[in-house]
Q: 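Pasting a structure below so you can have a look.
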Amino acid sequence: QVQPVESGGGSVQSGGSLELTCVASGYTRATTSCMGWFRQIPGSEREAIAIIDNNDQTRYGYSVSGRFTISQDIDKNMVFLRMTNLKPEDTAMYYCAARRLCGFGERWAQARFFNSWGQGTQVTVSS
């Protein structure tokens, strides 16, 4: 089973940048071809940020499109989230997740389809 581990969170001022890294142990391309980033604030549901499949096909949430970029190094089992022009509303716990296949249709953002989750890394953006 894939076990993601996130790193790279921290505190930054509005307009700043951060890059999150996810290392997915137990990852094999045969069983897991979709990696994603989600975020969550207390009392709210997890919000999908971006997903990427083995063909580098991606999809982004509306609130981060144009500011965040998901990428990967499949050989190293790593997925990255480059975040630029950060805003205070980006403050959240960020999670890396995996599932067997990406769906790019209307249900792409539903967290329930992802079956492996990391512990999260906190991102705090101050104004």
Side-chain angles (χ1 to χ4, degrees):
Q1 184 176 356
V2 178
Q3 180 56 57
V5 177
E6 308 92 339
S7 63
S11 297
V12 64
Q13 289 191 329
S14 181
S17 301
L18 281 175
E19 183 170 81
L20 306 183
T21 298
C22 173
V23 180
S25 62
Y27 173 94
T28 64
R29 294 184 66 178
T31 60
T32 303
S33 67
C34 182
M35 300 296 293
W37 286 97
F38 290 74
R39 67 186 180 189
Q40 187 174 26
I41 59 175
S44 298
E45 294 185 356
R46 288 189 181 182
E47 174 191 7
I49 300 302
I51 60 172
I52 187 168
D53 73 2
N54 281 355
N55 295 313
D56 285 334
Q57 184 176 355
T58 60
R59 183 160 179 174
Y60 293 89
Y62 177 79
S63 63
V64 304
S65 182
R67 298 189 298 122
F68 291 11
T69 303
I70 189 170
S71 61
Q72 65 186 342
D73 185 333
I74 293 177
D75 291 338
K76 295 182 179 179
N77 296 350
M78 299 175 73
V79 181
F80 309 96
L81 185 68
R82 178 67 177 169
M83 305 183 293
T84 62
N85 190 22
L86 282 161
K87 305 174 182 180
E89 51 264 41
D90 294 318
T91 295
M93 185 70 78
Y94 283 71
Y95 296 91
C96 179
R99 62 178 291 190
R100 184 171 180 274
L101 293 171
C102 277
F104 291 96
E106 293 181 356
R107 297 187 296 176
W108 77 274
Q110 295 189 13
R112 62 190 176 95
F113 293 120
F114 287 75
N115 49 26
S116 298
W117 293 85
Q119 295 299 308
T121 185
Q122 177 69 36
V123 172
T124 302
V125 184
S126 58
S127 58

Q: List the residues meeting salt bridge (charged side-chain N to carboxylate O under 4.0 Å, His left out) with Asp53, not counting sequence neighbours, and say none if there are none.
A: none
Q: Counting only heavy atoms not in Gln119, do more than 12 sit closer than 6.0 Å to its CD atom?
A: no
Q: In the structure I gave you, are the side-chain heavy atoms of Tyr95 and Gln40 within less than 4.5 Å of one another anywhere?
A: yes
Q: Using the test side-chain contact (heavy atoms from CB on, under 4.5 Å), find all partners of Ser71 that sit at least two apart in sequence or belong to another chain.
A: Phe80
Q: Output every pair passing side-chain hydrogen bond (donor to acceptor under 3.5 Å, both in side chains) with a member in residues 9-21, not counting sequence neighbours, ordered by first then second residue.
A: none
Q: Sequence neighbours left out, what passes side-chain contact (heavy atoms from CB on, under 4.5 Å) with Ala98? Give chain and number order.
A: Val2, Thr32, Met35, Ser116
Q: Which pairs, with at least one residue in residues 44-63 and sequence neighbours excluded, count as a ring-ring contact (aromatic ring centres under 6.0 Å, His included)?
A: none
Q: Can you list everything that forms a salt bridge (charged side-chain N to carboxylate O under 4.0 Å, His left out) with Glu89? Sequence neighbours excluded, please.
A: none
Q: With sequence neighbours left out, what residues match Leu101 under side-chain contact (heavy atoms from CB on, under 4.5 Å)?
A: Ser33
Q: Taking only residues two or more places apart in sequence, or in another chain, which ones meet Arg67 in a salt bridge (charged side-chain N to carboxylate O under 4.0 Å, His left out)?
A: Asp90
Q: Not counting sequence neighbours, list each pair that qualifies as a salt bridge (charged side-chain N to carboxylate O under 4.0 Å, His left out) and has a residue in residues 102-121.
A: none
Q: Can you list every pair that meets disulfide (SG to SG under 2.5 Å) and has a residue in residues 68-101, with sequence neighbours left out?
A: Cys22-Cys96
Q: Report yes if the side chains of Leu20 and Glu6 come closer than 4.5 Å at any heavy-atom pair, otherwise no.
A: no
Q: Using atom types as modelled and distance alone, determine if a side-chain donor or acceptor of Thr58 lies under 3.5 Å from a backbone N or O of Ile52.
A: no
Q: Under the rule for ring pair (Phe, Tyr, Trp, His ring centres under 6.0 Å), what residues qualify as partners of Phe38, not counting sequence neighbours?
A: Phe114, Trp117
Q: So, taking the atom named CD1 in Ile49 and the one named CE in Met83, what distance separates them when rounded to the nearest 0.5 Å?
A: 9.0 Å
Q: Sequence neighbours left out, what pairs pass disulfide (SG to SG under 2.5 Å) with at least one residue falling in residues 34-78?
A: Cys34-Cys102
